Number of protein chains: 2
Amino acid sequence: MSRTKARAALLQELEAAMRRSSAQGVLYGQTVANVAGIANSDLECMDILYLEGRVTAGRLAEVTGLTTGAITGVIDRLEKAGLVRRERDEADRRKVFIAVVPEAAMKIGQFYVPMQQAMEKVFAGYSEEELRLLLRFANEGYKGVLAATEALKSLLDTPPEKRPDLKLKKLRPNP
Amino acid sequence: MSRTKARAALLQELEAAMRRSSAQGVLYGQTVANVAGIANSDLECMDILYLEGRVTAGRLAEVTGLTTGAITGVIDRLEKAGLVRRERDEADRRKVFIAVVPEAAMKIGQFYVPMQQAMEKVFAGYSEEELRLLLRFANEGYKGVLAATEALKSLLDTPPEKRPDLKLKKLRPNP
DNA sequence: GCTAAATCTCTTAGTGGCTAAGATATATAT
DNA sequence: ATATATATCTTAGCCACTAAGAGATTTAGC
C-alpha cells in the first residue's frame, strides 16, 4: 500500500471511528435525560448554560435551533424543576436571562460522573504531550463542525436547483 | 504551576473542549435532519444502518433506546421516503431486516459533505503518526462512552437510595 | 418628543413522534 | 401438542414541537 493510500485509509477509519463515538455520545446524553427525568432539549439547554453561563432565552433558541415558543416551554419546565431561574435584564427589560441554580444543577451533574470516570481512565493512557495534541484537535474540530453547521444551514436558504453541486462519497459497503 | 497540576488543568480544558465539540456535533445532526426533512430519530437510524449495515427492527430499538412501537413508525416513514426497505428473514420469519436503498440514501449522504470537507481541512494539519494517535483515542473513547452508557443505564434499575454514592465535581464557575 | 418599526418573550392552536399495553405471528421447549 | 418465548406491529393517549401572532419594550426616523 502506497504512502498516500495508507493515509487515505487511515482517514476513512478515523471518520468511521469518530462517527461511532459521537453517535454513542448522543446516546449517553439521551440516557442522562432519561435517568434525570427531563426532556432531551431541557438537558441540552442545561448543557449550554453550563458551557456559556447566564444566557438569554433567545440565545438558547438560537443555539438549539428550537423556536422561541419551544424555549419558553423548556424554561418553564426547568424552572419548575428548580434547575434554573428567570432573571429579567434591568437594562433591557424585554430580555430574560436564564441562570442555573448551582445546587440543583449538581443533581444533574452526577449523571455525568460515569462518563467522566470512563474518560479519565482513557486519558490516563496518554502523555501530557499527547493530551495537548488531543486538545488542539478538539478545538480545531469544534471550529470545523461549527463552520460545517453554518454551511449546511446556509444551504437551507438556497433553493435546491441553485445549490453548489456537492460531490458525494461512495457509501461504505456494508461490513 | 506544578507538573501534575498542569496535567489536571489540561484534562479539565480537554473535557470542556470535547463537550463543546460534541454538543456542536449533535447540532450538526439536527440540522441535517432538518435540511433532509426527516425526523431526528429517522436520521439516527439511517446512521446506524450506515455503520452496521442490514439490521433488524429490534436491533434498531435496542441501539436507539426507542420502543419497538416507535421504531415501527421510524421504518414506516423511512420506507415511504424510499430510503430503506423491509426484508423479512426467510430463516426466522418473525424478524424484519432493514436495509438502506443505496441510491436514495446518497441523497442524505450529501448533507454530510460540509462536515467531511471541514474535517478534511482539520486533518490536513496532522501527520500520519498524529492521525494514528487520534484514531487510537477515538476507538478507546468509543469504548469508554459505551461502558459509561451501560453504567448509567444500570443506575436506572437501582433504586436511588441504593445507588453507589457518586462524588460530584464542582460545577465550573461561569466564565 | 412622537410615531413607526424592530426586537424579545410569551401564548395559543394544532401536529406529530413517543410510550405503554396488548395483539399477532412465528419459533422454541417441555 | 401445548405452553412459553421472541419479534414486530397496532392502538390510544400524551407531550414537546412548530407556526402564527400578541404583548411589552427598545430603537430609529422625522
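Remember, predicted model here, so these are calculated numbers, not experimental data. Chain naming here is simple, since letters A, B, ... match the order of the sequence lines and numbering starts at 1 in each.
Following rounding to the nearest Å, A/R86 (CZ) and C/dC8 (P) show an atom-to-atom distance of 17 Å. Per the geometry, CG belonging to A/N40 stands 21 Å off P belonging to C/dG16, to the nearest Å. What separates CG of B/D76 from P of C/dG16 is a distance of 15 Å, to the nearest Å. What separates CD of B/E44 from P of C/dG17 is a distance of 15 Å, to the nearest Å. Atom CG in A/D89 sits about 11 Å away from atom P in D/dT27, given to the nearest Å. Between the P atom of D/dT6 and the NZ atom of B/K95 lies a distance of 12 Å, rounded to the nearest Å. The distance from atom CZ of A/R94 to atom C1' of D/dG23 is 13 Å, rounded to the nearest whole Å. One interatomic measurement links the two molecules: CD of B/Q30 to P of D/dA16, which rounds to 16 Å at whole-angstrom precision.
The closest donor-acceptor contact from the side chain of A/Y28 to the backbone of A/M115 lies under 3.5 Å. Counting only distance, with no hydrogens or angles, the side chain of A/R88 and the backbone of A/R94 share a donor-acceptor pair below 3.5 Å.
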Side chain to side chain contact (heavy atoms under 4.5 Å, CB included) assessment of A/L78 paired with A/M46
CA-CA 9 Å; A/L78 288 178; A/M46 287 300 292; 4.0 Å; yes
Mind running side-chain hydrogen bond (donor to acceptor under 3.5 Å, both in side chains) on B/Y112 and A/E15 for me, showing each step along the way?
CA-CA 12 Å; B/Y112 285 102; A/E15 194 202 323; over 6 Å; no
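Note: B/N34 CG to B/N40 CG = 8.0 Å, rounded to the nearest 0.5 Å.
Between B/A17 and A/A138, the closest heavy-atom pair is CB-CB, 3.8 Å. Between A/C45 and A/V74 the shortest heavy-atom distance is SG-CG1, 3.8 Å.
Contacts of residues 55-73 of chain A with DNA chain C (heavy atom under 4.0 Å): A/T56, A/A57, A/G58, A/T68, A/G69, A/T72.
Each of A/R93 and A/D42 lies near DNA chain D, and the nucleotide nearest A/D42 is the one positioned closer to the 5' end. Nearer to the 5' terminus of DNA chain D, by closest-nucleotide assignment, is the contact made by B/I75 (compared with the other of A/A39 and B/I75).
Remark: A/R59 pairs with A/E52, A/E62 by the salt bridge (charged side-chain N to carboxylate O under 4.0 Å, His left out) rule, at least two apart or across chains.
Taking only side-chain atoms of A/R77, from C-beta outward, the nucleotide of C/dA27, C/dC18, D/dC17 with the closest atom is D/dC17.
In terms of phosphate contacts, B/R88 brings no side-chain nitrogen or oxygen within less than 4.0 Å of OP1 or OP2 of D/dC9.
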Hey, what are the protein-to-nucleotides 13-15 of chain C N/O distances that come in under 3.5 Å?
none

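In this structure, A/R20 does not pair ionically with B/D47, as no charged nitrogen and carboxylate oxygen lie closer than 4.0 Å.
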